[in-house]
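Predicted model only: the values in this text are computed from it and were never measured.
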Amino acid sequence: MEVQPDDRKIWSATAIVHQKYHSTVEKVHRSFVEAGSHAITTNSYGIIPGAGFIDGEEVKRLTGIAGKIGRKSVTNEDGGATALVLGSLGPLVESYRPDLIMKHSDGVKCYQYAIEGLSPYVDVYIAETMSCVEEACQVVDALSTFYEKTGVVRKPLLVSFTLNDDGKLRSSESIVDAIQKMVEFASDKKVECKLFLLIKYTIMSFWISIHRFRLSHPSLSVIGILVNCCEPESVTKAMKEIETNSQIHQYLYHPPRGTSSHLPTEDGSNKVFFGAYANKLTSVDPQWTMATSTEAQPMRNDLPPESYSIFARDWHNEYGVQLIGGCCGIGPDHITCLREKLQM
């Protein structure tokens with residue numbers, strides 16, 4: 001009898017390590033595109049040292065497979081793309097645990113393996129579920145170093161932080177401080193934090209402009225800061241904090257109501273997008289680890305598509321959020337509802 005792989009140990013990597021699951025991953029990606037998603041995220045989140053993937057060459061091989069499946073899932077019969085492919089770069093050790101992250105130099109080295117594996121297939125990289133600013137800075141540094149070493153076509157980066165119940169990062173840093181620190185770190189590394197769209201914003205224009213961006217921007221750019229993998233109530237708390245801080249809007253495109261807003265001009269802008277994709281999980285214990293957990297985190301039963309869309313509609317209408325999606329437990333039905341309610 002075949003022993004099934006323990007996905008409590010290798011999490012999302014299970015379906016990449018074992019070829020028989022590749023078609024299932026592709027079908028899942030396609031189901032989200034068919035539901036209305038303008039982007040899918042590669043199934044590379046769990047291919048990390050913390051899950052036992054310590055051989056850099058193996059990480060490159062497996063993340064390459066994840067990227068290839070993602071690219072295939074958004075390619076139509078004519079060879080055109082139906083959605084963006086976001087290259088997932090998750091925490092290297094444990095999710096939600098800022099106290100367990102690698103030291104900076106080790107993190108920068110490890111992230112470069114995944115970056116290289118994903119490079120041929122993705123439109124944008126996304127550092128997601130970052131529990132603290134330092135964790136995200138490791139990705140920025142790794143991506144900048146990779147481009148300097150290889151000279152390959154540079155692709156933009158989205159950075160997404162995970163939040164506690166109080167709306168602050170898992171490290172207790174405020175979202176306002178996190179945005180400012182990311183911009184300052186990127187500036188020190190000569191990485192642009194720049195909005196590049198020159199036309200009235202829509203999700204589809206964002207999709208088209210990614211391809212223009214790759215041809216016209218020689219330097220690495222952080223184009224958006226998001227929050228993810230937390231309860232939607234936490235997202236709203238973070239947005240309220242942003243709304244009440246007048247200084248932070250100098251960094252954000254389409255700031256919340258009550259502040260000035262303008263379209264980017266041809267000479268560029270130092271503003272970045274703000275986005276959110278919450279999960280459907282119950283509140284996660286601050287000491288949680290994948291290594292010690294014995295069962296999956298329970299899902300909430302009060303976030304069907306309609307309920308989730310109410311949160312998302314407030315983020316968009318009340319706080320000016322432009323990039324909206326879903327994380328753990330948010331399925332294609334939720335995306336369909338979001339598209340209908342937000343008309344994105």
Side-chain angles (χ1 to χ4, degrees), residues 39 41 45 48 50 86-102 104 107 111 124-143 156-186 189 191 193 221-245 248-249 251-253 255-256 271-281 283-284 286 288 311-312 315 319-328 330:
T41 305
Y45 184 92
I48 56 171
L86 308 185
S88 175
L89 301 169
L92 294 170
V93 182
E94 286 281 359
S95 300
Y96 320 126
R97 294 296 298 269
D99 56 319
L100 299 179
I101 67 171
M102 292 185 174
H104 191 86
Y111 274 122
V124 182
Y125 288 100
I126 182 165
E128 57 179 346
T129 322
M130 300 286 100
S131 60
C132 61
V133 171
E134 164 57 22
E135 192 167 36
C137 287
Q138 291 180 15
V139 179
V140 172
D141 207 350
L143 196 53
L157 174 67
L158 296 167
V159 174
S160 190
F161 295 103
T162 178
L163 306 175
N164 281 323
D165 295 346
D166 60 3
K168 298 185 184 299
L169 273 61
R170 304 284 178 171
S171 58
S172 295
E173 296 166 285
S174 73
I175 187 62
V176 168
D177 287 343
I179 292 169
Q180 182 174 348
K181 288 177 182 178
M182 281 307 307
V183 172
E184 291 174 350
F185 180 81
K189 291 292 178 179
V191 173
C193 287
S221 288
V222 176
I223 60 172
I225 295 177
L226 304 88
V227 292
N228 81 292
C229 212
C230 53
E231 295 180 89
E233 293 88 349
S234 300
V235 174
T236 301
K237 290 176 183 177
M239 291 178 185
K240 288 181 177 179
E241 180 181 358
I242 290 172
E243 183 184 35
T244 58
N245 188 298
I248 203 63
H249 300 303
Y251 303 117
L252 299 177
Y253 169 62
K271 295 177 182 286
V272 298
F273 286 108
F274 189 73
Y277 55 115
N279 64 27
K280 195 181 172 184
L281 300 178
S283 181
V284 178
W288 182 93
F311 283 102
W315 302 337
Y319 302 104
V321 176
Q322 298 295 295
L323 305 178
I324 296 176
C327 202
C328 306
I330 303 300

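Separation of atoms OH (Tyr251) and CD (Gln180) is listed at 4.0 Å; rounding is to 0.5 Å. Rounded to the nearest 0.5 angstrom, Leu143 CG and Leu157 CG are separated by 6.0 Å. In this structure, CD on Glu241 lies 9.5 Å from CG on Leu163, to the nearest 0.5 angstrom. Taking OG of Ser234 as the reference point, atom CG of Leu169 lies at 11.0 Å (rounded to 0.5 Å). Summarising the geometry, atom CZ belonging to Phe273 is positioned 12.5 Å from atom CD1 belonging to Ile225; distances are rounded to the nearest 0.5 Å. Here OH of Tyr277 is found 3.5 Å from CG of Asn228. Values are rounded to the nearest 0.5 Å.
Across all non-hydrogen atoms, the minimal contact from Ala238 to Gly167 is CB-O, 3.6 Å. Heavy atoms only, all atoms of each residue included: Asn279 and Cys229 are closest at ND2-C, 3.1 Å. For the residue pair Thr162 and Ser131, the shortest heavy atom distance occurs at CG2-CA, 3.9 Å. Of all heavy-atom pairs between Pro91 and Tyr111, the closest is CA-OH, 3.7 Å. In terms of heavy atoms, Val235 sits closest to Ala278 at CG2-CB, 4.1 Å. Considering all non-hydrogen atoms of both residues, Ile324 and Val321 come closest at CG1-CG1, 3.8 Å.
With contacts defined as side-chain heavy-atom distances shorter than 4.5 Å, the pair Phe161/Cys132 does not qualify. By the 4.5 Å heavy-atom criterion applied to side chains, Pro286 and Tyr96 are not counted as neighbours. Residues Val139 and Tyr125 are not in side-chain contact: their nearest non-hydrogen atoms beyond the backbone lie 4.5 Å or more apart. Ile101 has its side chain out of reach of Val93: every pair of non-hydrogen atoms, C-beta onward, lies at least 4.5 Å apart. Counting heavy atoms from C-beta outward, Met239 and Ile175 have side chains that stay 4.5 Å or more apart.
Formation of a donor-acceptor pair under 3.5 Å by the His249 side chain with backbone atoms of Ile242 is found in this model.
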(message) Show, in sequence, the C-alpha distance, side-chain angles and deciding distance for Leu89 and Ile126, and conclude whether the side-chain contact (heavy atoms from CB on, under 4.5 Å) test is met.
(response) CA-CA 6 Å; Leu89 301 169; Ile126 182 165; over 6 Å; no
(message) For a side-chain contact (heavy atoms from CB on, under 4.5 Å) check, start with the C-alpha distance between Val140 and Met182, then their side-chain angles and the critical distance, and finish with the verdict.
(response) CA-CA 9 Å; Val140 172; Met182 281 307 307; 3.6 Å; yes
(message) Checking Asp99 against Arg97 for the salt bridge (Lys or Arg N to Asp or Glu O under 4.0 Å) test, could you report, in this order, the C-alpha distance in whole Å, the side-chain angles of both residues, the deciding distance, and whether it holds?
(response) CA-CA 5 Å; Asp99 56 319; Arg97 294 296 298 269; 2.7 Å; yes
(request) Start with the C-alpha distance between Arg170 and Val284, add both sets of side-chain angles, then the distance that settles side-chain contact (heavy atoms from CB on, under 4.5 Å), and finish with yes or no. (result) CA-CA 10 Å; Arg170 304 284 178 171; Val284 178; 4.3 Å; yes
(request) Given salt bridge (Lys or Arg N to Asp or Glu O under 4.0 Å), test Lys280 with Glu231 step by step and report yes or no. (result) CA-CA 7 Å; Lys280 195 181 172 184; Glu231 295 180 89; over 6 Å; no
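Residue pairs meeting the salt bridge (charged side-chain N to carboxylate O under 4.0 Å, His left out) criterion with at least one member in residues 127-141, sequence neighbours excluded, are Asp141-Lys189.
No option in Leu323, Val227, Ile248 other than Val227 meets the side-chain contact (heavy atoms from CB on, under 4.5 Å) test with Phe274.
No donor-acceptor contact under 3.5 angstrom links the side chains of Asn164 and Ser172, judged on distance only. In this structure, a donor-acceptor pair under 3.5 Å is absent between the side chains of Tyr319 and Thr236.
Residue-environment remark: NZ (Lys240) stays at or below the threshold of 12 foreign heavy atoms within 6.0 Å.
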